[in-house]
Amino acid sequence: MKAITLQNVLRVNAASSGATGLLLVIFSDTVKGLFDVSITWPFSEVGIFLIAFATIVFYVSRINPINQLGIRIILTLDSLWVASSIVLIMLHPFEISFVGNALIAAVALWVALMVYLQFIGSRNYHDTAR
């Protein structure tokens, strides 16, 4: 069994972000229905962002030694995703269905787990690199 390393967590983050991005781009009309909204472009644009983000995360996971600035940027973007999701759910600036809010919460929990594991992994990586 492989150890949970920073590189592995980054690759899981890249894979899940990329897969989510592709799903949002390809199935934006279906997602629109799940969220009970009338427009698809926000889902497509978020999907494109996630595909680009996934590419960067995968690239950072392949660098040896791992670039600490890259890790800080990834942690910051992931943390902003979680914070934005919380604000979106709590303030309800848009009419979104219960299912849409549940999906936002589920993704935010997953991204929060990625933040936690990446933070722990970066601390361990930094400590072993000394």
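Values below: all heavy atoms of this structure, side chains included; hydrogens, waters and symmetry mates excluded. For reference, positions follow the sequence shown, starting with 1.
Between Phe94 and Phe35, the ring center distance fails the sub-6.0 Å criterion.
Residues Thr5 and Val9 have side chains not in contact (no heavy-atom distance under 4.5 Å, counting atoms from C-beta outward). Phe98 places none of its side-chain heavy atoms less than 4.5 Å from the side chain of Asp36. By the 4.5 Å heavy-atom criterion applied to side chains, Met114 and Ile74 are not counted as neighbours. Asp78 places a side-chain heavy atom less than 4.5 Å from the side chain of Phe53. Annotation: side chain of Leu10 is in contact with side chain of Ile71 (closest heavy-atom distance under 4.5 Å). Annotation: side chain of Trp110 is in contact with side chain of Leu113 (closest heavy-atom distance under 4.5 Å). With contacts defined as side-chain heavy-atom distances shorter than 4.5 Å, the pair Val25/Phe43 does not qualify. For the pair Ser44 and Leu24, the minimum side-chain heavy-atom distance is 4.5 Å or more.
Listed for the Ser84 side chain is no donor-acceptor partner under 3.5 Å among the backbone atoms of Trp81. Formation of a donor-acceptor pair under 3.5 Å by the Asn67 side chain with backbone atoms of Ile63 is not found in this model. Under the 3.5 Å distance criterion, the side-chain polar atoms of Ser97 are matched with a main-chain donor or acceptor of Leu34.
Here the closest non-hydrogen pair linking Ser122 and Leu75 is OG-CD1, 4.4 Å. When every heavy atom of Ser85 is checked against every heavy atom of Ala108, the shortest pair comes out as CB-CB, 3.6 Å.
Taken together through direct or relayed side-chain contacts under 4.5 Å among Ile, Leu, Val, Met, Phe, Trp and Tyr, Leu88 and Leu80 form parts of separate hydrophobic clusters. In terms of hydrophobic clustering, with Ile, Leu, Val, Met, Phe, Trp and Tyr side chains grouped at heavy-atom distances under 4.5 Å, Val12 and Leu50 are assigned to a common cluster.
The distance from atom CD1 of Ile86 to atom CD1 of Ile104, rounded to the nearest 0.5 Å, is 12.0 Å. Residue Gln7 holds its CD atom at 7.5 Å from OG of Ser61, rounded to the nearest 0.5 Å. Interatomic distance, CG of Leu117 versus CG of Asn8, reported as 11.0 Å (0.5 Å rounding).
Applying the 4.5 Å side-chain rule to ILVMFWY residues, one finds that Phe58 remains a lone member of its cluster. In this structure, Ile39 belongs to a hydrophobic cluster whose other members, linked by side-chain heavy atoms under 4.5 Å apart, are Trp41.
The neighbour count for Phe119 CZ, taken as heavy atoms of other residues, nucleotides or ligands under 6.0 Å away, does not exceed 12.
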